[in-house]
Amino acid sequence: QVQLAESAGGLVEAGGSLRLSCAASGRGFSSFAGGWFRQAAGKEREFVASITWSGDKTYYEDSVKGRFTISRDNAKNTLNLQMNNLKPEDTAVYYCAASNRYAYGSTWSAESEYQFWGQGTQVTVSS
């Protein structure tokens with residue numbers, strides 16, 4: 001069993017940056033794929049970014065490509081999301097997730113691929 005806890009989000013002006021971290025406890029995290037999702041008010045939760053267990057491959061939703069970077073530190077059991085050039089439309093509750101499943105060719109972009117979730121943290125970008 002893996003427990004995930006996101007760091008505090010915050011309020012930032014458009015064009016600013018914010019770094020989210022997700023601390024994992026329990027066994028196995030270093031062999032799990034990791035992902036970040038977000039849910040804006042009144043909308044469905046959506047994929048943001050994912051990373052393989054080794055960190056050798058990353059995947060991004062189109063609107064965040066070039067602005068967000070997902071990374072991980074398996075020695076510290078952390079999953080990170082560096083967000084630059086933030087826009088008001090990035091405002092949402094952000095969730096980290098971990099997946100212990102492997103499917104050839106998967107990009108871990110579907111919620112159904114994840115078994116473990118954090119509680120979420122609010123990120124608000126003002127215009």
Side-chain angles (χ1 to χ4, degrees):
Q1 192 76 2
V2 170
Q3 293 79 43
L4 304 174
E6 299 93 348
S7 61
L11 172 64
V12 63
E13 292 185 352
S17 298
L18 195 62
R19 182 179 177 86
L20 299 180
S21 292
C22 176
S25 59
R27 299 179 63 180
F29 176 75
S30 61
S31 63
F32 293 177
W36 287 93
F37 289 74
R38 67 186 179 186
Q39 186 169 21
K43 296 186 177 181
E44 297 290 317
R45 188 156 58 182
E46 66 175 4
F47 168 73
V48 175
S50 61
I51 188 169
T52 54
W53 70 270
S54 64
D56 65 332
K57 293 183 179 179
T58 57
Y59 305 94
Y60 297 93
E61 192 268 330
D62 285 347
S63 70
V64 308
K65 284 181 181 177
R67 300 189 299 121
F68 290 13
T69 302
I70 188 172
S71 63
R72 67 189 300 159
D73 185 336
N74 285 340
K76 296 181 179 179
N77 275 1
T78 58
L79 181 69
N80 307 300
L81 185 68
Q82 177 66 42
M83 303 183 291
N84 298 328
N85 190 22
L86 283 159
K87 303 176 180 181
E89 51 264 42
D90 295 318
T91 295
V93 176
Y94 283 72
Y95 299 87
C96 65
S99 172
N100 62 7
R101 296 177 184 171
Y102 174 79
Y104 180 78
S106 174
T107 60
W108 289 279
S109 59
E111 286 188 54
S112 59
E113 297 181 275
Y114 292 86
Q115 300 75 46
F116 308 104
W117 291 84
Q119 292 299 307
T121 187
Q122 177 70 45
V123 172
T124 303
V125 184
S126 63
S127 58

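Counting all heavy atoms, side chain and backbone alike, Ala97 lies closest to Tyr114 at CB-CD2, 3.4 Å. The shortest heavy-atom contact between Gly9 and Val123 is CA-CG2, 4.3 Å. Contact record, Ala40 with Ala92: N-CB, 3.7 Å, taken as the closest heavy-atom pair.
Residues Ile70 and Leu79 form a side-chain contact, since some pair of their non-hydrogen atoms from C-beta on lies under 4.5 Å apart. Residues Lys57 and Ile51 fail the side-chain proximity criterion, which asks for heavy atoms closer than 4.5 Å. Contact check for Thr69 versus Leu81: no side-chain heavy atoms found under the 4.5 Å cut-off. Residues Gln82 and Arg67 are not in side-chain contact: their nearest non-hydrogen atoms beyond the backbone lie 4.5 Å or more apart. Contact annotation: the side chain of Leu20 approaches that of Trp36 to within less than 4.5 Å [non-hydrogen atoms, C-beta and beyond]. Annotation: side chain of Arg19 is in contact with side chain of Ser71 (closest heavy-atom distance under 4.5 Å).
Between the CG atom in Asn100 and the OG atom in Ser31 there is a gap of 8.0 Å [rounded to 0.5 Å].
Each of Phe116 and Tyr102 belongs to its own hydrophobic cluster when Ile, Leu, Val, Met, Phe, Trp and Tyr are linked at side-chain heavy-atom distances under 4.5 angstrom. Under the 4.5 Å side-chain heavy-atom criterion for ILVMFWY residues, a single connected hydrophobic cluster contains both Val64 and Val12.
A salt bridge is defined here as a Lys NZ or Arg NE, NH1 or NH2 lying under 4.0 Å from an Asp or Glu carboxylate O, and Asp62 with Lys65 meets this definition. We find that Glu111 and Arg45 are joined by a salt bridge, their nearest charged nitrogen and carboxylate oxygen being less than 4.0 Å apart.
For Arg72 and Phe29, the positive end sits near the middle of the six-membered ring, less than 6.0 Å away and at most 45° from its axis.
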*side-chain contact (heavy atoms from CB on, under 4.5 Å) between Gln119 and Gln3: does it pass, once the steps are laid out?*
CA-CA 10 Å; Gln119 292 299 307; Gln3 293 79 43; over 6 Å; no
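Results of the side chain to side chain contact (heavy atoms under 4.5 Å, CB included) test with Ser99 over Phe32, Trp53, Trp108 single out Trp108 as the only residue that passes. Of the options Asn84, Asp90, Asn85, a side chain to side chain contact (heavy atoms under 4.5 Å, CB included) to Phe68 is made by Asp90 and by none of the others.
Of the N and O atoms on the side chains of Glu13 and Ser126, not one donor lies less than 3.5 Å from an acceptor on the other residue. The closest side-chain donor-acceptor pair between Ser106 and Glu113 falls under 3.5 angstrom.
Checked against a 6.0 Å centroid threshold, the rings of Tyr60 and Phe47 do not count as neighbours.
Panel note: side chain Asp73, backbone Lys76; a donor-acceptor pair is recorded below 3.5 Å. Under the 3.5 Å distance criterion, the side-chain polar atoms of Gln39 are left unmatched by any main-chain donor or acceptor of Glu44. Without hydrogens or angle criteria, Ser7 side chain to Ser21 main chain gives a donor-acceptor distance under 3.5 Å.
Scanning for side chain to side chain contact (heavy atoms under 4.5 Å, CB included) contacts around Val93 gives Tyr95, Gln122, with sequence neighbours left out.
Residue pairs that meet the disulfide bond (SG atoms under 2.5 Å apart) test with at least one member in residues 56-127, sequence neighbours left out, are Cys22-Cys96.
By the 4.5 Å side-chain criterion applied to Ile, Leu, Val, Met, Phe, Trp and Tyr, Leu11 is assigned to no cluster and stands alone.
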